[in-house]
Amino acid sequence: MDISVVIPLYNEEESLPELASWIERVMNANGFSYEIIFVNDGSTDRSMDVIHSLAEKNPSIHAISFSRNYGKSPALDRGFHRAQGDVVITMDADLQDSPDEIPELYRMIKEEGYDLVSGWKKKRYDPLSKTIPTKLFNATARRVSGIKNLHDFNCGLKAYRKDVVKHIEVYGDMHRYIPYLAKNAGYKKIGEKVVHHQARKYGHTKFGLDRFVNGYLDLGTLWFQSRFGIKPMHIFGLLGSLMFIIGLIAVFIVLVLKIIAMNSTSFNFYVTKSVYFYLSLTAMVLGVQFFCTGLVGELITRNSAERNNYLIAEEF
């Protein structure tokens, strides 16, 4: 099979018939063998009824339906698990992503050898309250991930080699960072294509401003996992050692000042009134806690089933 189109959706009953018909026209015009996998994320409208009706007319349409709303990342993860096409295309169900982009995305994967191609909605039809935070978010993501050539990490329109989606796990709200997940898994040929962004035709957006706050927290999690996920002692042990050394220096200062005070009639020094005393206590306690955190992390990592899960590019 040439292409699997994975479409997560939540309450998009109005747009589904037009989207399915549009994808079908593009596929037939280019002679692609394909499947469309709708992943219903607990919709409360008639979305599933519409999908059932569409599937009766087109055997290439399949569906996964969650019993409740879990989020876009779990929906993509289940869709990736089900996909069978050589190239996997993801797009949103709100008609803001154009299926006309599919042939070129497919070509970039198959002919130019990209592992992942991400869409870039260079010209957007969104309000400033959304576009400005998006620019800041993407600038931070480029800096942290090291993927300098992507302008829009969160674009729903992306294309993947089949191997990529089978070797990454999308969970929580990590769909924003799929290129980063792919890079961490060893897939480094990541490209970008300027795509057409259409104004929303039906309904309203399902995302609020809280996604930007959560996005930065998730980015921090990914950065930590990529740098210290299998070696937590390298960060916690270092921090613990530094804190403990600071505590020892503070203790040494306290001892020196106390000795001077004991041998002087004009200089009084009370240990419990010294800032160095409390600094030493705090630093040494924090140092031990950081070190123990790293040790516990190492024990957990060593017992993880994924500790020796490496992606092998070639073997003789």
Side-chain angles (χ1 to χ4, degrees), residues 6-8 41 70-77 79-80 88-92 94 96-98 101 105 108-109 112 114-161 163-165 167-197 205-232 235 311:
V6 177
I7 305 174
D41 188 23
Y70 286 97
K72 188 173 182 178
S73 290
L76 286 173
D77 186 70
F80 289 162
V88 179
I89 305 286
T90 59
M91 61 173 51
D92 294 334
D94 54 12
Q96 290 189 284
D97 296 330
S98 171
E101 307 284 356
L105 290 171
M108 292 178 72
I109 296 293
E112 297 185 25
Y114 283 103
D115 296 316
L116 184 157
V117 179
S118 182
W120 175 21
K121 297 173 181 176
K122 194 172 183 178
K123 182 179 180 180
R124 303 185 66 99
Y125 295 92
D126 291 323
L128 288 176
S129 60
K130 185 176 179 180
T131 55
I132 292 177
T134 296
K135 288 182 180 295
L136 294 173
F137 163 78
N138 283 309
T140 305
R142 283 195 298 273
R143 178 75 175 177
V144 173
S145 69
I147 307 175
K148 306 294 186 181
N149 62 319
L150 291 193
H151 293 82
D152 191 355
F153 278 72
N154 197 31
C155 179
L157 185 57
K158 290 183 173 67
Y160 313 80
R161 278 200 302 113
D163 286 351
V164 176
V165 302
H167 286 96
I168 61 173
E169 180 185 6
V170 189
Y171 61 95
D173 287 322
M174 294 298 181
H175 60 274
R176 303 181 181 95
Y177 303 112
I178 290 180
Y180 196 8
L181 290 171
K183 179 188 174 185
N184 290 341
Y187 298 101
K188 297 182 179 179
K189 191 165 184 181
I190 297 172
E192 183 174 69
K193 180 186 181 301
V194 175
V195 297
H196 179 60
H197 181 223
T205 181
K206 311 301 189 299
F207 300 100
L209 291 177
D210 60 329
R211 66 178 181 153
F212 294 108
V213 176
N214 295 336
Y216 281 109
L217 295 177
D218 290 335
L219 182 60
T221 299
L222 268 183
W223 174 83
F224 180 85
Q225 288 180 337
S226 66
R227 293 289 301 275
F228 307 107
I230 60 174
K231 46 186 177 183
I235 180 65
L311 180 64

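Distance check: Asn138 CG to Leu150 CG gives 8.5 Å after rounding to the nearest 0.5 Å. Atom OG of Ser118 sits about 6.0 Å away from atom CG of Asp152, to the nearest 0.5 Å. If you take CH2 on Trp120 and CG on Leu157, they are separated by 15.0 Å, rounding to the nearest 0.5 Å. Separation of atoms CD1 (Ile7) and OG1 (Thr90) is listed at 9.5 Å; rounding is to 0.5 Å. The structure places NZ of Lys193 at 10.0 Å from SG of Cys155, a figure rounded to the nearest 0.5 Å. Between the NZ atom in Lys158 and the CZ atom in Phe153 there is a gap of 9.0 Å [rounded to 0.5 Å].
At a threshold of 4.5 Å between non-hydrogen side-chain atoms, the residues Val164 and Ile178 do not count as touching. The closest side-chain heavy-atom distance from Leu181 to Glu169 is not below 4.5 Å.
A 6.0 Å sphere centred on NZ of Lys189 holds more than 12 heavy atoms belonging to other residues, nucleotides or ligands.
Here the options are Val88, Ile147, Ile190, the test is side-chain contact (heavy atoms from CB on, under 4.5 Å), and the partner is Leu116; only Ile190 passes.
With Asp92 contributing its side chain and Asp94 its backbone, the two residues share no donor-acceptor pair below 3.5 Å. Of the possible donor and acceptor atoms, one in the side chain of Asp41 sits under 3.5 Å from a partner among the backbone N and O of Gly71. Between the Glu192 side chain and the His151 main chain, a donor and an acceptor come within less than 3.5 Å of each other.
Of all heavy-atom pairs spanning Tyr180 and Val144, the tightest one is OH-O, 3.8 Å. Between Asn149 and Gly191, the shortest heavy-atom contact is ND2-CA, 4.0 Å.
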Passes side-chain contact (heavy atoms from CB on, under 4.5 Å), Ile89 versus Val6? Steps please. CA-CA 6 Å; Ile89 305 286; Val6 177; over 6 Å; no
Please test Glu101 against His196 for side chain to side chain donor-acceptor pair (under 3.5 Å), starting from the C-alpha separation and ending with a verdict. CA-CA 8 Å; Glu101 307 284 356; His196 179 60; over 6 Å; no
Please lay out, stage by stage, how Ile168 and Asp77 fare under the test side-chain contact (heavy atoms from CB on, under 4.5 Å). CA-CA 9 Å; Ile168 61 173; Asp77 186 70; over 6 Å; no
Residue pair Phe137, Arg176: steps toward the side-chain contact (heavy atoms from CB on, under 4.5 Å) verdict: CA-CA 10 Å; Phe137 163 78; Arg176 303 181 181 95; 4.1 Å; yes
For side-chain contact (heavy atoms from CB on, under 4.5 Å), just list the numbers for Lys121 and Val195, CA-CA rounded to whole Å, side-chain angles, deciding distance to a tenth of an Å, and then say yes or no. CA-CA 5 Å; Lys121 297 173 181 176; Val195 297; 3.9 Å; yes
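For Asp163, the side chain to side chain contact (heavy atoms under 4.5 Å, CB included) test picks out Arg161, His167, Tyr187, with sequence neighbours left out. By the ring pair (Phe, Tyr, Trp, His ring centres under 6.0 Å) test, Tyr114 is found to be paired with no residue, residues two or more places apart in sequence or in another chain being considered.
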